[in-house]
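Within every chain, numbering begins at 1; the chains are lettered A, B, ... in the order of the sequence lines, protein sequences first and strands thereafter. Just so it is clear, the model here is predicted, and its values are computed rather than measured. Atoms considered below: every heavy atom in the structure, side chains included; atoms not considered: hydrogens, waters and symmetry mates.
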2 protein chains.
Amino acid sequence: MTQGNRGSQPRVACRDCSLYQVCLPVGVEAEELSELDRIIHQRRPLRRGEHLFRVGDQFESLYVVRSGSVKTYAPSVDGREQITGFHLPGELLGLDAISNGDHPCGARALETASVCEIPYELLESLGGRIPALRQQIFRLMSRELLQEESHLLLLGRRGADERLAAYLMDLAERLRRRGFSATEFHLSMSRGDIGNYLGLAVETVSRTFTRFQEEGILTAERKHVVIHDAAALARAAGNEALEAGGHPTTLAGN
Amino acid sequence: MTQGNRGSQPRVACRDCSLYQVCLPVGVEAEELSELDRIIHQRRPLRRGEHLFRVGDQFESLYVVRSGSVKTYAPSVDGREQITGFHLPGELLGLDAISNGDHPCGARALETASVCEIPYELLESLGGRIPALRQQIFRLMSRELLQEESHLLLLGRRGADERLAAYLMDLAERLRRRGFSATEFHLSMSRGDIGNYLGLAVETVSRTFTRFQEEGILTAERKHVVIHDAAALARAAGNEALEAGGHPTTLAGN
DNA sequence: CGATGCTTTGACGAACTTCAACGCGGGTGG
DNA sequence: CCACCCGCGTTGAAGTTCGTCAAAGCATCG
């Protein structure tokens, strides 16, 4: 399963990829780009539910989502799992495996998805020769850190509607940047996944969707979402509390 | 404030630093180590409460804690703050600023703390010439990612005692690795900070400490903590739920 | 020695989880 | 092609945990 899909040739060169501007090659010149191209494998597409890698798998490669979407999850002590991220095209996976040599998180496809495989050792040494590539890797890792930080923000002491609203806005924004509509889209993950990601029970997610719908903020029919009032959604995400008139309080004061 | 403490000479060379084995130089040979040494500044120690950098500050350097401890916090939309991490000696700060060029989080000292300042541009280009250094930077960034993931795990759907217990165990382990006692230590952060970090109210943190104490798991007198029953603490952290006899359930199934 | 900030404790209420049941849709097999 | 089944989503009611409010104790610091 980890073996066996090597030998697949790069079918789409980086320069011809629609993700060219968000992905690894940013800033890399044509000549060096072909060097990068040579080390990248394109694996057969993953079907919904299929694993890209599992918790504990030996770390060999990083992956970039090319199409579809992938979720990553961390195992909890007691056997439960916490979803750590939903990954859209252009996002790098597996960075958290570098330090220990095996994958601390698992990754599975939310829908049919294709990914590029980038053998880490090769990438790393290429990073020594190509400054633009090295810089981009650092930027991408940093971006990943940022994303987890905003996830932390979501999970720490916020109401259910703040969480869901912020989640939907983040998703919409990421879709927009990839050329999709930010007001009408398809949720590739289940309510259960969303709840897990947001630290809420499935039922709470469902009820909150219903409430948003009653308030005219959006329409959520199964997995099809239409956002009608982005401003109201932003209000729900940001500062529900302020509507009561209270001053924002600064915590973490010391 | 951002200016003005340059010109400070490196007083302690990396090779003479007690953190030599956890820090950046891991794997770097003597000759190259002196190159690294040359770009590192040692700033005057920070006093308790003093900022190392603030949210929005322009990104210039990474920092490594040399002694004491530092907390980082992310601003929330509504003016509140979420503490994203407590950093002990040997831990790298500011990595999340690489991608955007300014600091998304602020950092302030929890107690008197000294840090090394590493100008990023210089480090980055040094990374091109010194493979071992480059690899170590990647490993450290990856480790940071890991740490945030375990923080996520804590914040997602867990009871107050699970959170606090897991937090104390993590802290104890990190102290142990740095040569301190894992069973008796000083909490440099306030109850409020702990609560903020764990997504709990101050009062809940306090009450949970009291309960642990009543159960004989530990003694917490103000900031002085002694762990009496590490096994019980681990049980509280991991799988309180299992004591009811239930099987661990696998979520995030699809 | 007073002031200030941190910690603790108690009482109350709200938000969310849990438990339970049902509807819906999509996929599968007869 | 239809019927059944199973997973997913929704809804309601009850229960718990934790947050909020209030107040008081206690160290530290000026």
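Contact annotation: side chain of B:Arg211 to base of D:dT17, donor-acceptor pair absent below 3.5 Å. The base of D:dT28 has none of its N or O atoms less than 3.5 Å from a complementary donor or acceptor on the side chain of B:Arg48.
Under 4.0 angstrom from either OP1 or OP2 of D:dT10 there lies at least one side-chain N or O belonging to A:Arg191. Look at B:Ser206 and you won't find any side-chain N or O under 4.0 angstrom from OP1 or OP2 of C:dT7.
Counting to the nearest Å, the P atom of D:dC8 and the NZ atom of A:Lys223 are 8 Å from each other. The distance from atom CZ of A:Arg163 to atom C1' of C:dC16 is 10 Å, rounded to the nearest whole Å. Remark: P of D:dG19 and CG of B:Asp161 are 12 Å apart, rounded to the nearest angstrom. The separation between B:Leu110 atom CG and C:dC6 atom P is 12 Å, rounded to whole Å. Between the C1' atom of C:dC12 and the CZ atom of B:Arg207 lies a distance of 11 Å, rounded to the nearest Å. In this structure, A:Glu221 atom CD and C:dG23 atom P are separated by 19 Å, rounded to whole Å. Atom CD1 in A:Ile194 sits about 8 Å away from atom P in D:dG9, given to the nearest Å. Atom CG of A:Leu198 and atom P of C:dT17 are 11 Å apart (whole Å).
Nearer the 5' end of DNA chain C, as judged by each residue's closest nucleotide, is the contact made by B:Thr204, out of B:Thr204 and A:Leu200. When each of A:Arg157 and A:Met189 is assigned the nucleotide of DNA chain D bearing its nearest heavy atom, the one mapping closer to the 5' terminus is A:Met189.
Listed candidates were C:dC16, C:dT9, D:dA27. Nearest to the side chain of B:Thr210 is C:dT9. Comparing atom distances between the B:Glu203 side chain and each of C:dT7, D:dG9, D:dC21 picks out D:dC21 as nearest. Here the nucleotide nearest the side chain of A:Val202, chosen from D:dT10, C:dT17, D:dT11, is D:dT10.
Distance alone, capped at 3.5 Å, places no donor-acceptor pair between the B:Arg48 side chain and the B:Ala109 backbone. Listed for the B:Arg163 side chain is a donor-acceptor partner under 3.5 Å among the backbone atoms of B:Leu198. At least one donor-acceptor pair under 3.5 Å links the side chain of B:Asn196 to the backbone N or O of B:Glu81.
B:Gly199 comes within contact range of the sugar-phosphate backbone alone, with a heavy-atom separation under 4.0 Å but no base atom that close.
B:Glu91 and B:Arg174 are joined by a salt bridge, as a carboxylate oxygen and a charged side-chain nitrogen come within less than 4.0 angstrom of each other.
Side-chain atoms of A:His103 and A:Glu60, non-hydrogen and from C-beta on, never get closer than 4.5 Å to each other.
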